[in-house]
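Input: a single structure, listed below in structure tokens.
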Amino acid sequence: MNKPGSDHICDGVAGLIGNTPMVRIKSLSEATGCEILAKAEFLNPGGSTKDRVALNMVNQAERDRVLVPGKGSTIFEGTVGSTGISLAMIAKARGYNAWIVMPDDVALEKSQLLEKLGAHVEKVRPVSIVDKNQFVNLAKRRAQEFGDQDPEKVGYFADQFENLANFEAHFSTTGPEIFKQTRGHLDAIVMGAGTGGTLAGVSRYLKSVVPGVKSYLADPQGSGLFNKVKFNIMYSSTEKEGTRKRHQVDTVVEGVGINRLTQNFGMADGFIDDAIRVTDQEAIDMAKFLVQQEGLFIGSSSAVNCVAAVRVARELGPGHTIVTLLCDSGHRHLTKFWNDDYLKQQGLVVKDSVDSLDFLD
């Protein structure tokens with residue numbers, strides 16, 4: 001019997017992660033005179049760039065013998081969705097359980113996906129990181145409590161914000177893939193930061209192999225990272241007394257933006273050249289523009305990246321190549337970012353059509 005060549009067949013779901021294609025966004029490229037390229041991370045099996053992070057965190061825990069398959073161990077994580085979905089997928093593939101703690105105000109389909117993947121989902125009220133019941137803090141405590149109950153079963157807290165396996169996943173895979181796909185011919189990389197691992201890993205790798213490449217942070221409203229990069233002050237105007245509406249970041253965008261410094265973001269220190277602020281309205285308009293012009297149905301963080309990529313292209317001028325990420329699709333944002341009624345409740349304008357980039361003028 002002839003056996004298929006192993007180089008054409010992936011070994012399980014983990015083998016599907018990474019090596020995502022690069023797409024030229026024609027409408028944005030023609031409008032700016034630059035090549036605007038986007039790495040289609042939504043084509044990872046778990047639907048987002050977080051698959052890379054989840055896989056590397058679990059691999060590292062297995063190498064350290066913290067996690068051993070078949071022992072009844074559970075992976076715990078605090079997340080607004082995508083990392084939890086990726087971890088739940090990897091957990092099933094490796095013989096673990098997953099316990100995900102998340103704010104109760106994120107898009108409903110994220111928790112639904114988690115439950116279908118067999119994860120235990122615990123929703124909590126959004127509170128500040130200083131609160132012991134903040135979703136990340138609670139996930140850590142749940143892992144400790146689980147381990148205390150039965151020493152044979154490990155409660156592993158993945159800790160995506162501080163675990164440098166996050167940064168390392170992008171330094172060792174995403175960055176090299178971008179270099180290979182562009183043959184090293186790129187002038188700028190543009191992306192948002194939630195944990196900071198993607199921005200740090202990609203920036204550090206590409207700056208080591210592409211002389212003169214610039215790295216830009218794309219930051220949604222309400223996040224303090226923009227001011228940290230621009231002025232070395234971790235502050236957002238939404239932190240003013242009486243002005244804040246949400247505890248983490250005051251934006252309809254999920255997955256990027258934060259008001260504290262993480263170890264993963266710290267790995268980008270000295271490797272970010274500038275920051276671009278993106279408003280909710282700009283992100284919404286960009287998402288609709290890309291559906292109409294490209295048939296690309298993207299999530300909120302991807303829309304932020306595309307807005308910032310256009311601004312960077314205009315700043316650098318025609319003839320440059322800018323690379324960004326399409327982190328996830330719009331499919332897990334239907335009840336919030338792609339929900340017209342919700343957006344109107346937030347005081348945003350939902351347009352019937354967006355057929356030009358005039359909203360960025």
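The basis for the numbers below is simple: all heavy atoms, side chains too, and nothing from hydrogens, waters or symmetry mates.
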With sequence neighbours left out, write down each residue that passes side-chain hydrogen bond (donor to acceptor under 3.5 Å, both in side chains) with [X], or none if nothing qualifies.
X	result
Thr49	Glu41
Ser301	none
Arg183	none
Gln292	none

How about Phe146 and Phe76: are their ring centroids closer than 6.0 Å?
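Here the rings of Phe76 and Phe146 have centres that are less than 6.0 Å from each other.
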Check: Trp338 ring centroid to His333 ring centroid under 6.0 Å
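Between Trp338 and His333, the centre distance exceeds or equals 6.0 Å.
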Please identify each residue that fulfils salt bridge (Lys or Arg N to Asp or Glu O under 4.0 Å) with [X], with sequence neighbours left out.
X	result
Lys92	none
Lys26	none
Glu282	Arg311

Would you please name every residue forming a side chain to side chain contact (heavy atoms under 4.5 Å, CB included) with Val68, sequence neighbours left out?
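With neighbours one apart ignored, the set is Arg65, Lys71.
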Quick one: list whatever passes side chain to side chain contact (heavy atoms under 4.5 Å, CB included) with Ala54, sequence neighbours left out.
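Listed in chain order: Ser86, Leu87, Ile90.
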Apply the salt bridge (charged side-chain N to carboxylate O under 4.0 Å, His left out) test between Asp219 and each candidate in Arg277, Lys228, Lys230; give the one that qualifies.
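The residue from Arg277, Lys228, Lys230 that satisfies salt bridge (charged side-chain N to carboxylate O under 4.0 Å, His left out) with Asp219 turns out to be Arg277.
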If a pair satisfies salt bridge (Lys or Arg N to Asp or Glu O under 4.0 Å) and one of its residues is in residues 338-360, list it, with sequence neighbours excluded.
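Counting only pairs at least two positions apart or across chains, the salt bridge (Lys or Arg N to Asp or Glu O under 4.0 Å) contacts touching residues 338-360 are Asp285-Lys351.
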Salt bridge (Lys or Arg N to Asp or Glu O under 4.0 Å) pairs, two or more places apart, involving residues 195-218
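Matches after skipping sequence neighbours: Lys207-Asp273.
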With a 4.5 Å heavy-atom cut-off, do Gln346 and Lys336 have their side chains touching?
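A side-chain contact is absent here, since even the closest heavy-atom pair is not under 4.5 Å.
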Are Asn56 and Asn166 side-chain neighbours, meaning at least one heavy-atom pair lies under 4.5 Å?
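Not in contact.
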If you measure from CZ on Phe359 to CD1 on Ile284, what distance do you get to the nearest 0.5 Å?
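The CD1 atom of Ile284 is 11.0 Å from CZ of Phe359, to the nearest 0.5 Å.
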Output every pair passing ring-ring contact (aromatic ring centres under 6.0 Å, His included) with a member in residues 179-219, not counting sequence neighbours, ordered by first then second residue.
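Qualifying pairs: Phe171-Tyr205.
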